[in-house]
Amino acid sequence: MDEKFLKPYDPGATESRVYAAWEESGLFNPDECIEQGVTAPDAKPYAIVLPPPNVTGRLHMGHALMLAVEDIFIRYKRMRGFRTLWLPGTDHAAIATQSVVEKQIKKDEGLSRHDLGREELLKRIEAFAVASHDTIISQLKTMGASLDWSREAFTLDETRSRAVRTVFKRMSDAGLIYRGLRIVNWDPKGQTTISDDEIVYEERPAKLYTFRYAKDFPIPIATTRPETKVGDVGVAVHPDDVRYKEFVGKEYDVVFCDVPIHIKIVADKEVDPEFGTGAVGLTPAHSKVDWEIADRHELSHETIIINEYAKMTVDGRLRDMKTTEARETVVEWLKSENLLEKEEDITQNIATAERTGGIVEPLPKLQWWVEVDKEVPGRGKTLKELMLEAVRSGEITILPEHFEKTYVHWIENLRDWCISRQIWYGHRIPVWYRGEEAVVGEAPEGDWARDGWVQDEDTLDTWFSSGLWTFSTLGWPEETNDFKIYHPTDLLETGYDILFFWIARMILMTEFTLGTIPFRAVYLHGLVRDAQGRKMSKSLGNNMDPLDVAAKFGADAARMALIVGNTPGTDMRISEDKIKGYKHFANKLWNIARFILEANTNAKSVPEKKNGSKTWPSGPERDHFSSREREILEQIDLLTKEVTVDIEEFRVYMAAEKIYHYAWHELADKILEESKPILAGSDEAAKDSRRTLLLTLLDRTLRLLHPFMPFVTEEIYQSMPTKDAKFLMVAKWPS
RNA sequence: GCACCCUUAGCUCAGUUGGUAGAGCAGCGCAUUUACACUGCGAAGGUCGGGGGUUCGAAUCCCUCAGGGUGCACCA
């Protein structure tokens, strides 16, 4: 027996050494597996692309969970002989990364991005992204992720950029991308547009003011934003509202807080007669709903009164005021003019930007959009319909199943997707202008800048490039072998919180570009919370760094703690106590191995089957076992079957628990205990038989447990007399 | 407002197609120069949120009520 078993199991010393050995073997790469005869050249492919972590810093426990789940499926399939590819990469995460770096520069140097300029800021962000990338890669390796590093991708590298330009061009040619002036969600803090999904609504107390534009104005108006009223062009009432019917169509000129405005009264069904006074002041340039109502009644939406910095642009006393100051000023003016009729406290849902926390200011802006309700040429369906169909038809299955309903509900409410951003880090919109001319896709030939061409200033929403991830990572638009072999991929595993952001966009982009699905199954994991059920966050200081956890308890323990009992789509709680329990389990397994290997050291020879295999006797080869031993073998056969089915049906949380329970409470507590008197006895045949049995059970347990706890199982396997492959990682899954 | 999820042992959660309620942790009693104290054995603990229905049989399926949570929309 190897002397290493005389000491307790030490994950710290073992895990990095084992990972290095795996990596050096090249066997994370499916081509190398075929090369080395581990995988059959005609084996069925199995592919997962890693959801690329943002290069914004470090990985958290949610990432660790994601890695554990994906690595389980990958290792399982690899052992089953599939041509298995797990493809790594990172995401430039445009807004997120830029805002982290901008904040840092502001803090350290007191400079804004405009002080630095586009080129210098990009240089700084890239340097940060590289450092962040390196940290992330080492974290991924620490967790034992068997990723094929030879294929690593980045959402902003040249291959992925070409994919982005190509898809943009194709969508544009198909008439699905357009440039349009619309009310967008403007984040004054981040100085960029954001999509509807990047908004977080927060409930806050607010005041609802009821006022009149002027003494002789016939209708009182309710508003929470009096400062915007200097931009009003009309008042809308419900068509059936008898209170106001007589005024519909009438027009008024008033001077409101120094600003002359012209108000026309219109009737529109959108207005809720129950709310406030039943009359809405229309500010088309600063409200989505007002813009739409104004459109229907041919009212102008050109009166802009708030700029990108959320400051007033009108003349008079409000000039250059922040909107919040202007609000107070207008209210004072209303009071002094005796126009304020009521002031009530209400709670309102205020739109804030997810990344910066800034209060979203609706502004009209010329932006790029993907049109979701227009028929896709050649498909006879809209993008929305294609997105729905992929899931409804069962081509893509989502786990847990009820998220399919959430997905459908979301798609049905989907509006056009705003894809342009006014930040600098990201894929620049691939459109070049010269006067009236415009070129889309690739830059004009030659030195286009000298020839008077100018590229669009904006960058693309980061999800535009992540939407292509399943095929851009495989080298598309080149017709690569990888693309032909591995697409569509088999599984996409990620947190349910990015179902809309990412999963939906991948389905959209892939259906459009390739006319197929990006993946066959979606496995959504829940949030990892702390022991009290709180979200992990920097401000609470309850963050766990996977690296620290691995250092303290071992990556194997962290993986088990994250997997066992954690059903898909459900949030989980993690504590050091739980992880510690699985550290103990790794040591338990270590001691089981010690006991069994020690017993076999005294054996005359390693038991061997006639066909040369040294493992899992079955059928007639079991005849020399006692009936109790045959019963034990049947029991582990049953376990093997159950674990296999559980993994196949995505119940990794049950599979992990079953093996754990078996190893500790059957193998160790019962079988080892009952073996002690036999091994100490004098019946040589019985001893031989029992030693073979125990070795078989250990071998089988290692194989079943390997996808879950790859390090300790590999380390024990290396000392097994039944070792039949270079690594347990590429040994055969029992069946 | 619309949709979805959850409610099971003190705590955290499992429970795949309906067939005698499970695990981990905590707690209680006992054992122990032992493969392993990173241990073992044992006992205790639940009218499965309330009510109704379907069924020979319901934690599981249907309806309803209550409490908790999440997503989407909207609040002018």
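A note on names: the letters A, B, ... follow the listed sequences, proteins ahead of strands, and every chain is numbered from 1. Since we're looking at a predicted model, the values are computed, not measured.
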Between W291(A) and H301(A), how do the two ring planes meet: parallel, tilted or perpendicular, split at 30° and 60°?
parallel

So A668(A), base contact, sugar-phosphate only, or nothing? Heavy-atom distance under 4.0 Å.
base

Atom pair distance, as rounded to whole Å: NZ in K342(A) and P in A76(B)
15 Å

For nucleotides C62(B) and G40(B), find the distance between their P atoms and express it as a whole number of Å.
42 Å

What does I221(A) touch in the nucleic acid at a heavy-atom separation under 4.0 angstrom: a base, only the sugar-phosphate, or nothing?
nothing

Consider only side-chain N and O atoms of T570(A) and T567(A), and report whether a donor and an acceptor are under 3.5 Å apart.
yes

Check the angle between the aromatic planes of H661(A) and H665(A) and answer parallel, tilted or perpendicular using the 30° and 60° thresholds.
tilted

Counting any heavy atom closer than 4.0 Å, what does G533(A) reach on the DNA or RNA strands: base, sugar-phosphate only, or nothing?
nothing

Whole-Å distance, K578(A) NZ to C38(B) P, equals 22 Å

Close aromatic pair by centroid cut-off 6.0 Å: Y582(A) and Y660(A)
yes

How many Å lie between CZ on F595(A) and P on U39(B), as a whole number?
17 Å

Using a cut-off of 4.0 Å on non-hydrogen atoms, how would the nucleic acid contact of H286(A) be classed: base, sugar-phosphate, or nothing?
nothing

Counting any heavy atom closer than 4.0 Å, what does F500(A) reach on the DNA or RNA strands: base, sugar-phosphate only, or nothing?
sugar-phosphate

Would you measure the distance from the P atom in G1(B) across to the matching atom in G45(B) and give it in whole Å?
45 Å

Pick the nucleotide of RNA chain B nearest each of K583(A) and L282(A); which residue has the one closer to the 5' end?
K583(A)

Across the strands shown, which category fits E270(A) at heavy-atom distances under 4.0 angstrom: base, sugar-phosphate, nothing?
nothing

For residues D373(A) and T382(A), is any side-chain donor paired with an opposing acceptor at under 3.5 Å?
no

Any side-chain donor near an acceptor of the partner, Y717(A) and D699(A), under 3.5 Å:
no

Identify whether any heavy atom of T347(A) sits under 4.0 Å from a base atom; if not, whether one sits that close to sugar-phosphate; answer base, sugar-phosphate or nothing.
nothing

Parallel, tilted or perpendicular: ring planes of Y496(A) versus F403(A), cut at 30 and 60 degrees:
parallel

Quick one: which of G40(B), A35(B), C4(B) gets closest to the side chain of T406(A)?
C4(B)

Wobble G-U and Watson-Crick pairs count when both distances are under 3.5 Å; given that, what is the 5' to 3' dot-bracket string of RNA chain B, with | for pairing to other strands?
(((((((..((((.....[..))))..((((.......))))......(((((..]....))))))))))))....

For atom P, what is the distance between C72(B) and U64(B), given to the nearest Å?
26 Å

Rounding to the closest angstrom, what is the interatomic distance between G49(B) and A23(B) at atom C1'?
22 Å

Quick check for you: among G71(B), C4(B), G40(B), whose closest atom lies nearest to any side-chain atom of K405(A)?
C4(B)

Nearest whole Å is fine: how far is A3(B) C1' from E401(A) CD?
16 Å

Nearest whole Å is fine: how far is C25(B) P from F585(A) CZ?
12 Å

Quick check for you: among C5(B), A76(B), C74(B), whose closest atom lies nearest to any side-chain atom of H402(A)?
C5(B)

Would you say Y201(A) places a side-chain N or O within less than 4.0 Å of OP1 or OP2 belonging to C74(B)?
yes

Please pick, from C38(B), G40(B), C72(B), the nucleotide with the shortest atom-to-atom distance to any side-chain atom of N587(A).
C38(B)

Return the value, rounded to whole Å, for the distance between atom CD of E576(A) and atom P of A26(B).
15 Å

Without hydrogens or angle criteria, can the side chains of K207(A) and T224(A) be said to hold a donor-acceptor pair below 3.5 Å?
no

Under 6.0 Å from the ring centre and within 45 degrees of the ring axis: does the NZ or CZ of R505(A) meet both conditions for the six-membered ring of W417(A)?
yes

Taking atom P in both C13(B) and A58(B), compute the distance separating them and give it to the nearest angstrom.
28 Å

Nearest-Å distance, NE2 (H525(A)) to C1' (C5(B))?
17 Å

If I pick the P atom on G19(B) and the same atom on G57(B), what distance separates them, to the nearest angstrom?
15 Å

What one-letter contact string describes nucleotides 10-15 of chain B from 5' to 3', where B marks a base within less than 4.0 Å of any protein heavy atom, S marks contact via sugar-phosphate atoms alone, and - marks no contact?
--SSSS

Has T277(A) got a side-chain atom pairing as donor or acceptor with P220(A)'s backbone, closer than 3.5 angstrom?
yes

Would you please classify the geometry between the Y9(A) ring and the W590(A) ring as parallel, tilted or perpendicular, with 30° and 60° separating the classes?
tilted

Under 4.0 Å between a side-chain N or O of W664(A) and OP1 or OP2 of A23(B)?
no

Has E412(A) got more than 12 heavy atoms of other residues, nucleotides or ligands less than 6.0 Å from its CD?
yes

To the side chain of K588(A), which of A76(B), U39(B), G24(B) is closest?
U39(B)

Please state whether the phosphate of A76(B), meaning OP1 or OP2, lies under 4.0 angstrom from any side-chain nitrogen or oxygen of H238(A).
no

Rounding to a whole Å, what distance do you find between L589(A):CG and U39(B):P?
14 Å

Determine the Euclidean distance between corresponding P atoms of U7(B) and G42(B); express it in Å to zero decimal places.
31 Å

Closest to side chain of R594(A), choosing from A35(B), G40(B), A73(B):
A35(B)

If we take the C1' atom in both G68(B) and G50(B), what is their distance in whole Å?
15 Å

